[in-house]
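Just so it is clear, the model here is predicted, and its values are computed rather than measured. One-based numbering, in listed order, for ligands and for the atoms of each.
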Amino acid sequence: MTTSLPYFTKGEVVKGFGRGSKELGIPTANFPIEVVQKLPKNIDTGVYYGWTQVEDSPVYKMVMSVGWNPFYKNKEKSMETHIIHKFEDDFYGKILKIVILGYIRPEMDFSSIEALKETIWEDIKKAELELERSDFQQYKSNSFFSQQ
Ligand code: ADP
Ligand code: MG
């Protein structure tokens, strides 16, 4: 599942499915279906980490979930990026760029919201640590993020 990494992509931030990720304190910026459909087949469902940028913002760390959305009868994958940064405002309609660098874990079922939140905070800690590696730091200054 990691043979296609690093994987660079970009697209508009669209409305998600109102799963209340903001209430969890963990908002996820959703990509439109066209961006999701371009994902290489061997990028499996699960949680990934990498770098991200909202238009000309600084480049931030991110965790991203790739999963099947039951909303779509044809079972399209969804891609949801949580940017590890506190934003004052929403940024729907803006262009989000990402580079996916590593895999954290498969999709999981949770018995409670608390268990889900705890696991996501662990994912975030892992992403923050992994992205300090020098071979991952170099992607932060990749020309992909400086070309507007
Ligand atoms: P939706 O169901 O529309 O995706 P969410 O509750 O997941 O709603 O919130 C996602 C939205 O919150 C993003 O589209 C973005 O505009 C905003 N947002 C604010 N801060 C962040 C962040 N740190 N990471 C991702 N999205 C954020
Ligand atoms: Mg979302």
**Asked** CD1/Ile26 to CG/Leu116 distance, rounded to the nearest 0.5 angstrom?
**Response** 6.5 Å

**Prompt:** Could you go step by step and tell me if Asp90 and Lys22 meet the salt bridge (charged side-chain N to carboxylate O under 4.0 Å, His left out) rule?
**Reply:** CA-CA 11 Å; Asp90 286 348; Lys22 243 177 226 165; 3.0 Å; yes

**Asked** Does an N or O from Asn30, backbone or side chain, lie closer than 3.5 Å to an N or O of ligand 1?
**Response** yes

**Request:** Quick one: pull up OG in Ser146 and CD in Gln53 and give me the separation to the nearest 0.5 Å.
**Result:** 8.0 Å

**Asked** What part of Thr81, side chain, backbone, both or neither, has a heavy atom within less than 4.0 angstrom of ligand 1?
**Response** backbone

**Asked** So is there a nitrogen or oxygen of Val14 less than 3.5 Å from a nitrogen or oxygen in ligand 1?
**Response** no

**Request:** Heavy-atom contacts with Gly16 under 4.0 Å: which atoms of ligand 1 show up? List them by number with element.
**Result:** 1 (P), 2 (O), 3 (O), 4 (O)

**Message:** Is there a polar contact between ligand 1 and Ile83, counting only N or O atoms under 3.5 Å apart?
**Reply:** yes

**Request:** To the nearest 0.5 Å, tell me how far Ile83 CD1 sits from Lys61 NZ.
**Result:** 14.5 Å

**Item:** Of the listed options Phe31, Tyr92, Phe91, closest to atom 15 (C) of ligand 1 (non-hydrogen atoms)
**Value:** Phe91

**Request:** Pull out every atom of ligand 1 sitting under 4.0 Å from any heavy atom of Phe87, numbered as shown with elements.
**Result:** 20 (N), 21 (C), 22 (C), 23 (N)

**Item:** Atoms of ligand 1, numbered as shown, that sit under 4.0 Å from any heavy atom of Val13
**Value:** 14 (O)

**Message:** Counting only heavy atoms closer than 4.0 Å, does ligand 1 sit against the backbone of His85, its side chain, both, or neither?
**Reply:** backbone

**Message:** For the CZ atom of Phe8 and the NZ atom of Lys97, what is their distance to the nearest 0.5 Å?
**Reply:** 10.5 Å

**Complete:** In this structure, CG of Asn30 is separated from CD of Glu80 (nearest 0.5 Å) by 4.0 Å

**From CG (Asp123) to CD (Glu128), nearest 0.5 Å** = 11.5 Å

**Asked** For the rings on Tyr49 and Phe136, is their centre-to-centre separation under 6.0 Å?
**Response** yes

**Prompt:** Just wondering, is there an N, O or S atom on Thr28 that's nearer than 2.8 Å to the Mg ion (ligand 2)?
**Reply:** yes

**Asked** Short N/O distance, under 3.5 Å, between Asp89 and ligand 1?
**Response** no

